[in-house]
Structures are given as C-alpha cells and as structure tokens.
Protein chains: 2
Amino acid sequence: MTRGPEKQFDTEIALAKAMEVFWAHGYEAASLSELLKNMGIGKKSLYDTFGNKRSLFLKALEHYANSIIRDMRNCLAAAGSPLGNLKQLLRNVQKIHSQPGSCGCMLGTNIADFNTDDEAIANVMRGYLRQVEDVFTATLVRAQAAGEISPDANPRNLARLLLCATQGIALLGRVMDDDTTLEGAVTAAISLLDCR
Amino acid sequence: MTRGPEKQFDTEIALAKAMEVFWAHGYEAASLSELLKNMGIGKKSLYDTFGNKRSLFLKALEHYANSIIRDMRNCLAAAGSPLGNLKQLLRNVQKIHSQPGSCGCMLGTNIADFNTDDEAIANVMRGYLRQVEDVFTATLVRAQAAGEISPDANPRNLARLLLCATQGIALLGRVMDDDTTLEGAVTAAISLLDCR
DNA sequence: GAAAAGATTGAACAATCGGTCTAAGTTAAG
DNA sequence: CTTAACTTAGACCGATTGTTCAATCTTTTC
C-alpha cells in the first residue's frame with residue numbers, strides 16, 4: 001500500500017479555506033502567502049496537491065458553484081408554492097449580501113477579476129451561470145403551471161433577469177453600508193413577480 | 001510666468017487613456033507599465049501630474065462616472081415618454097455590454113476588485129451608485145405621473161432593482177459569448193415595466 | 001535496521017510590482 | 001549667453017509575486 005507518512009492536512013478543508021480567500025479577494029488579489037496562511041499548509045504541499053494557483057482556483061470555484069447551486073435547488077424545490085420559494089430565495093440572497101463584510105458572489109467577483117480574454121476560465125464561468133439560470137427557469141415554469149405568474153410571461157427571460165439582478169445584488173452588497181438598496185431591489189422584484 | 005518647456009502631453013487625454021486601462025482590467029490588475037504604455041507618458045510625469053496610482057484611479061473613476069451619468073441623464077431626459085426613454089436606455093445598455101470585448105461597467109468591475117474594507121474608495125463608489133439610482137428614480141416618478149406605470153409601484157425601489165439589474169448585465173457581459181442572456185434579461189425587464 | 005516513499009520546510013528563482021530619484025534635455029526670462 | 005524652471009526618459013529601489021527545488025523529516029515495508 002502507501003508508504004511514508006500520511007498527509008498532515010485534510011484536502012477538502014484546505015480547499016474550502018482556499019475558496020474563502022478567492023471568494024473574498026478574487027483570483028489576482030488572493031496571494032499565495034495569504035492562501036497558505038489560511039490553508040495552514042506549506043508551499044510545496046500546495047503545489048503537490050493542487051498543481052498551481054490557477055488549478056487550485058478552478059477546484060475552489062467548482063466547490064463554490066456546486067455548493068450554491070445545490071443550496072438553490074434545495075430552497076426552490078421545497079414543498080409548497082414555487083413562487084413562494086422563489087421569493088424566499090430572493091430574501092435570503094438579500095440578507096446574505098446585506099451582512100457587513102459580505103464579499104459578494106465568488107462567480108461575479110471573479111468575472112470582474114479575470115481577464116476577459118481568458119477563454120478557459122470564461123467557459124467554466126458560463127457553465128455555472130447557465131446552471132443558475134436553468135434552476136430559475138425550472139422554478140418559474142412550475143410557478144406558471146401553477147398559475148402563480150402570468151401565462152404570458154416568458155420564464156427563460158425572467159430567469160435571465162433574475163440572474164442579472166442577483167449578480168448585481170451580490171456585487172453591490174460588497175460596497176453598500178446599509179441594506180436599503182438591496183432591500184428595495186428585492187422588494188421591487190418580488191412585487192413585480194406578483195403582478196399578473 | 002512659467003519657465004521651462006510646456007508639458008508634452010494633454011492631461012485630459014492621458015486621463016482618458018488611464019481610464020480605459022482601469023476600466024478593462026480593474027485597479028489591481030492595471031499595472032503601471034500598461035498604464036504608462038497606454039497613456040504614452042513617462043513614470044515621472046505620471047507621478048508629478050497625478051500623484052500616485054491610487055489618486056490617478058480616483059480621477060479616472062470620477063471621469064468615468066461623470067461621463068456615464070451625463071449620458072444617462074441625456075437619454076432619460078429626451079423628449080417624449082419617460083418610460084419609452086427608459087426602455088431605450090435599457091436596450092442601449094444591453095447592446096453596449098453584448099459587444100465582444102465588452103469589459104463591463106468600471107464601477108462594478110472595481111467594486112469587485114477593491115478590498116471590501118477600503119472605506120475611502122467605497123464611499124466614492126457609493127456616491128456614484130446613488131446618483132445612478134437617483135436618475136432612475138426621477139425618470140420612474142415622471143413615468144408614474146404620466147400614467148405609464150402603475151400608481152401602486154414604488155419608483156425608488158424599482159430604481160434600485162434597475163441599478164442591480166444593470167450592474168449584473170454589465171458584469172455578465174464581460175464573460176458571455178452570445179447576447180441571448182442579456183437580451184432576455186432586458187426583454188423581461190421591459191415587459192415587467194409595461195405590466196400595470 | 002535498511003531502504004523506500006511520501007510530506008514538509010524553507011531557501012532561492014526570475015519576474016514584476018509601485019514608487020523614487022538622478023541625469024539629461026528643453027524652454028523662457030534676464 | 002547664462003541661469004533658472006520645468007519636463008522627460010530611464011536606471012534603480014525594496015518588496016512581493018508565483019513557482020521550483022534541494023534537503024530534511026516521518027512513517028511504512030521488507
């Protein structure tokens with residue numbers, strides 16, 4: 001079997017810690033020294049385990065995206081009214097990003113941070129954003145089938161608007177010092193969804 | 001009077017060039033070497049004229065914000081229906097950020113780029129965002145007075161939603177390779193504004 | 001105990017960062 | 001022409017970037 005000592009750190013925990021750093025500061029501004037400090041491992045261990053900074057970031061991004069998409073699905077697939085669940089989700093988004101020290105969505109922050117012509121990263125980002133859009137769409141389709149939103153509404157386009165709006169909310173939450181802006185935006189969105 | 005040779009470059013043009021670099025890459029990723037190359041001046045001239053990188057950024061940000069807020073006002077204050085003007089603005093936003101090579105909104109990009117605890121920068125950002133919100137609000141108030149949107153609507157909150165949505169649109173435009181997402185989002189927004 | 005395999009530490013790498021400063025060049029006033 | 005004021009290009013600074021690597025340590029197998 002394996003020879004030599006076991007790893008002195010948990011790969012998953014280290015990855016989660018790395019994710020926090022990339023989340024808070026974005027790819028470029030997340031320095032190796034801060035990553036290492038937060039992950040609690042040495043340089044060589046990082047490179048042996050995760051490759052390099054870029055592939056560590058990709059793994060952390062995957063960890064993040066899978067996590068929030070799972071949470072979204074859980075929230076929106078809850079029993080009861082699809083529209084009610086959607087409203088609840090929007091309120092949750094508002095609450096999370098209104099908290100002081102909130103650092104936005106890791107996807108959005110790094111869309112801004114990465115060079116726009118980095119196609120490899122852009123493709124990964126697009127994939128995750130598309131998943132979010134799809135989750136919104138599926139919920140809106142069910143809401144429409146249940147008669148909760150207008151039969152004339154276009155669920156796919158509505159989902160795209162929700163995607164843009166939530167990304168904007170997460171972004172603005174990074175800089176706003178009170179929650180009136182985010183609260184108002186979500187209130188307006190909910191009231192528009194109710195208008196049939 | 002003044003002695004010695006005149007400046008060999010135009011301060012305003014150099015500032016506009018600096019703005020382009022900060023716009024495309026964000027504060028951190030905009031290196032001095034690229035700034036100097038694009039501005040076409042020497043290091044010493046930059047530091048003598050603009051102070052340092054940070055104050056150059058603040059001047060460039062001011063230049064950008066004043067410019068887009070002026071454009072917004074022009075578009076929304078045009079003759080005719082306030083709601084019609086607003087729809088036109090949203091379509092313009094979509095078109096701009098759908099173009100290949102689009103690098104988003106300089107405000108949004110740098111909200112993501114800057115450390116969240118940099119209060120000085122955050123305050124400047126908040127000021128500009130608030131101005132955008134106010135322009136949206138004023139237009140919606142006029143649209144409401146003209147009976148173009150529901151008398152029950154809350155113009156301030158609607159403006160906050162439009163602020164978040166447009167920031168999200170600008171952000172996603174950086175990474176999207178086709179315009180279906182942005183087109184759908186704006187279409188949904190316009191159709192929601194029409195729902196009374 | 002010897003040897004092999006894996007993990008860790010920390011020194012060193014070249015490159016680049018933002019920023020400073022000296023030396024040279026240019027122009028206007030006296 | 002001299003001199004003072006101003007601009008410019010570019011060498012230079014220490015610090016930090018991401019990355020590599022040799023040496024050391026620890027544990028398991030034979």
Side-chain angles (χ1 to χ4, degrees), chain A residues 1-15 17-61 109-110 112-115 117-118 120-121, chain B residues 1-15 17-61 109-110 112-115 117-118 120-121:
Chain A
M1 280 297 157
T2 65
R3 288 220 246 178
E6 290 181 353
K7 268 197 167 64
Q8 293 182 5
F9 62 95
D10 184 313
T11 303
E12 287 302 313
I13 294 178
L15 185 60
K17 289 289 181 187
M19 183 192 74
E20 288 177 14
V21 179
F22 283 126
W23 191 356
H25 305 310
Y27 178 78
E28 294 286 354
S31 67
L32 272 212
S33 55
E34 189 165 7
L35 283 166
L36 295 174
K37 195 174 61 184
N38 258 63
M39 297 169 79
I41 67 175
K43 252 178 200 185
K44 189 67 159 51
S45 304
L46 188 152
Y47 277 83
D48 284 349
T49 310
F50 300 103
N52 57 15
K53 189 187 176 186
R54 186 191 175 88
S55 67
L56 171 64
F57 170 77
L58 283 171
K59 289 186 176 72
L61 187 65
T109 302
N110 284 285
D113 203 38
F114 260 96
N115 203 327
D117 57 6
D118 189 329
I121 299 282
Chain B
M1 279 298 153
T2 64
R3 289 221 245 177
E6 289 181 352
K7 267 197 169 60
Q8 293 182 5
F9 62 94
D10 184 312
T11 303
E12 286 301 314
I13 293 178
L15 185 60
K17 289 290 181 186
M19 182 192 74
E20 289 177 15
V21 179
F22 283 126
W23 191 355
H25 305 312
Y27 178 78
E28 294 285 355
S31 66
L32 272 211
S33 55
E34 190 165 7
L35 283 166
L36 295 175
K37 195 173 60 185
N38 258 63
M39 298 170 77
I41 66 175
K43 235 175 215 189
K44 189 66 159 50
S45 303
L46 190 152
Y47 278 83
D48 284 349
T49 309
F50 300 103
N52 57 15
K53 189 188 176 186
R54 187 191 174 89
S55 68
L56 172 64
F57 171 77
L58 283 171
K59 288 186 177 73
L61 187 66
T109 303
N110 284 284
D113 203 40
F114 261 95
N115 204 327
D117 58 6
D118 189 330
I121 299 283

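Chain letters run A, B, ... following the sequence lines, proteins first and then strands; every chain starts at 1. Treat the numbers as computed from the prediction; the structure is a model and nothing was measured.
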| query | Among all residues two or more places apart in sequence or in another chain, which pass the side chain to side chain donor-acceptor pair (under 3.5 Å) test with A/Asp118? | reply | A/Arg54
| task | Grab the NZ-P distance between A/Lys43 and D/dA22 for me, whole Å please. | result | 17 Å
| Quick one: side-chain contact (heavy atoms from CB on, under 4.5 Å) partners of B/Ala112, sequence neighbours excluded? | A/Thr109, A/Ala112, A/Leu171
| task | Return the set of residues passing side-chain contact (heavy atoms from CB on, under 4.5 Å) with A/Thr49 (not counting sequence neighbours), or none when no residue passes. | result | A/Lys7, A/Phe9, A/Thr11
| Contacts to DNA chain D from residues 20-36 of chain A, heavy-atom cutoff under 4.0 Å, which residues? | A/Ala30, A/Ser31, A/Leu32, A/Ser33
| Whole Å only: how far is the NZ atom of B/Lys37 from the C1' atom of C/dG18? | 17 Å
| task | Could you state the atom-to-atom distance from CG of B/Asp10 to P of D/dT8 in whole Å? | result | 12 Å
| What heavy-atom pair brings A/Val21 and A/Ala30 nearest, and what distance separates the two atoms? | CG1-CB, 3.8 Å
| In residues 44-55 of chain B, which residues come under 4.0 Å of DNA chain D by heavy atom? | B/Lys44, B/Ser45, B/Asp48
| field | Under the side chain to side chain donor-acceptor pair (under 3.5 Å) test, residues paired with B/Ser55 that sit two or more places apart | value | B/Asn52
| message | Without decimals, in angstroms, what is the distance between A/Phe57 CZ and D/dT17 P? | response | 18 Å
| query | Quick one: side chain to side chain donor-acceptor pair (under 3.5 Å) partners of B/Asn115, sequence neighbours excluded? | reply | none
Output side-chain donor-acceptor pairs under 3.5 Å for residues 34-47 of chain A, partner residues at least two apart or in another chain, one line each.
residue : atom : partner : partner atom : Å
A/Glu34 : OE2  : A/His25 : NE2          : 3.1
A/Lys44 : NZ   : A/Asp48 : OD1          : 3.3
A/Lys44 : NZ   : A/Asp48 : OD2          : 3.1

| With B/Phe50, which residues qualify under ring pair (Phe, Tyr, Trp, His ring centres under 6.0 Å), at least two apart? | none
